[in-house]
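Report on the following structure.
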Amino acid sequence: DVAHSQQEGGSEAIAGLVAVDESRAAMLAPAIAKLSNDPIASVKACAAEAVYALMRWRRDEAIRDFLALVDGPDGLLATRWMQQLTMAGIATHWEKVRPIVERMLASDEEEVREAGGALASVAGLDETDADDLLTRVIDDPDARVRRGVAKVLAARALSSRYRARCATGLRKLFDDDDAEVQQEAAKVFWRIRDRQRAELDEVSYAFLSSKAFEGNHQHFLHALEVSTANVTDLVLATADRMVSSYGAQLGDLRGSVGGDSRNLSDLLLRVLGTLDADRDKINRALDILDLMLEAGAWGVSEALETVER
């Protein structure tokens, strides 16, 4: 109704004021607390933005308001600002936030469980007393929880602080039984920039031998294409896997694999240009190109015309 619409609009306005001016936080804190305790879920959802703004200046008060906000339907917990609030709370008030994350993991709503998996992973990586939670959610029987986990591990794997634990989790998730979990885990390669690929060598080779490779190899090809590091061995291993996994599909332009064969042949050609002295690897690359040619893979003829055995 009109009153609730006004309350929701007021929450957004308050958030904008508090976010940029600490002096307004004291004046508006009572209004934020009132909105947080409103029984209407839509009002609470909008109030979350104001509480998040208050978090910048008055974290303890914001946490109290946050705990009032969670006294609502589970669906509220998966909204953008509530997830941001939960993540902020993990950093300073984990003992109060943990029951909320546990509630999300046990929710009847799939989107809430997925968000819970992501937030549990954040806590597991950041909080020393939450390692058990990260281990638990990686092996959770619910695929939606594991999807949330995969998103976080893929996003944080390039940070030296998290790399070892993310790598361990990603290797397991590459072989997950759920295709969407595999897909989210494989996105780690889409985030790689330039020489960062070398920091994930073990993860790269684990991916090549995993279930996730088929259907998600594009992310990996992209990482090889943008890398300026020496990726010779990985390119050869990738080409071997693509030929063994896809075979004749490499020559079928009606599917995505056929189109990717051109990218693969370009990578092989790039490798050949760097192997002046390593005859074994040159022969291996040319043998793979021959196999791709037999499969009718697009772009291979052009690649072979530029080299001599």
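Keep in mind that what you see is a predicted model, and the values were worked out from it rather than measured.
Checking Asp126 against Tyr162 by side-chain atom types alone, a donor-acceptor pair falls below 3.5 Å. His93 and Asp60 share a donor-acceptor pair across their side chains, judged by distance under 3.5 Å alone.
In this structure, NE2 on His222 lies 10.5 Å from OG on Ser227, to the nearest 0.5 angstrom. Between the CE atom in Met242 and the CG atom in Leu268 there is a gap of 10.0 Å [rounded to 0.5 Å]. Atom NZ of Lys172 is separated from atom CG of Leu153 by 11.5 Å, given to the nearest 0.5 angstrom. From Thr238, atom OG1 reaches atom CG of Leu236 across 8.5 Å, with rounding to the nearest 0.5 Å. Rounded to the nearest 0.5 Å, atoms CZ (Arg144) and CD (Glu109) are 11.0 Å apart. In this structure, the separation between CD on Glu180 and CZ on Arg146 is 11.5 Å, given to the nearest 0.5 Å.
The 12-atom threshold is not exceeded at NZ of Lys96, counting heavy atoms of other residues, nucleotides or ligands nearer than 6.0 Å. At most 12 heavy atoms of other shown residues, nucleotides or ligands fall within 6.0 angstrom of atom CD in Glu202. Annotation for Glu111: atom CD does not count as buried by contact number, only 12 or fewer foreign heavy atoms lying within 6.0 Å.
Within the 4.5 Å cutoff, the side chain of Asp233 has heavy atoms near those of the Lys281 side chain. Counting heavy atoms from C-beta outward, Ile288 and Met292 have side chains that approach closer than 4.5 Å. The closest side-chain heavy-atom distance from Leu76 to Val70 is not below 4.5 Å. For the pair Leu221/Phe189, no side-chain contact is recorded, criterion being any heavy-atom separation below 4.5 Å from C-beta on. You'll find the side chain of Val122 reaches within 4.5 Å of the side chain of Arg156, heavy atoms only. Side chains of Leu125 and Leu134 form a contact here, defined as non-hydrogen atoms less than 4.5 Å apart.
Remark: the backbone N or O of Arg103 is not paired with any side-chain donor or acceptor of Ser107 at under 3.5 angstrom. A distance-only check finds a donor-acceptor pair linking the side chain of Arg163 to the backbone of Leu158 [under 3.5 Å]. In this structure, the side chain of Thr79 does not engage the main chain of Gly75 through any donor-acceptor pair within 3.5 Å. No side-chain donor-acceptor contact under 3.5 Å links Glu184 to the backbone of Arg147. Between the side chain of Arg64 and the main chain of Ala33, no donor-acceptor pair closer than 3.5 Å is present. A distance-only check finds no donor-acceptor pair linking the side chain of Asp175 to the backbone of Ser210 [under 3.5 Å]. Put simply, the side chain of Arg113 never gets that close to the backbone of Asp142: no donor and acceptor are under 3.5 Å apart.
Using a 4.0 Å cut-off between charged nitrogen and carboxylate oxygen, Lys44 and Asp38 do not count as a salt-bridge pair. Looking at Arg98 and Asp132, a side-chain N of the basic residue comes within less than 4.0 Å of a carboxylate O on the acidic one, giving a salt bridge. With respect to Arg241 and Glu214, a salt bridge is recorded, a charged nitrogen being found less than 4.0 Å from a carboxylate O.
Here the closest non-hydrogen pair linking Ala68 and Asn37 is CB-OD1, 3.6 Å. Of all the heavy atoms in Ala157 and Val188, the pair that sits closest is CB-CG2, 3.8 Å.
Ring-plane geometry between Phe207 and Phe220 is classed as tilted, the angle between the planes lying from 30 to 60 degrees on a 0 to 90 degree scale.
Follow the hydrophobic side-chain contacts under 4.5 Å out from Tyr205 and you reach Val231 in the same cluster.
Less than 6.0 angstrom separates the ring centroid of Tyr246 from the ring centroid of His217.
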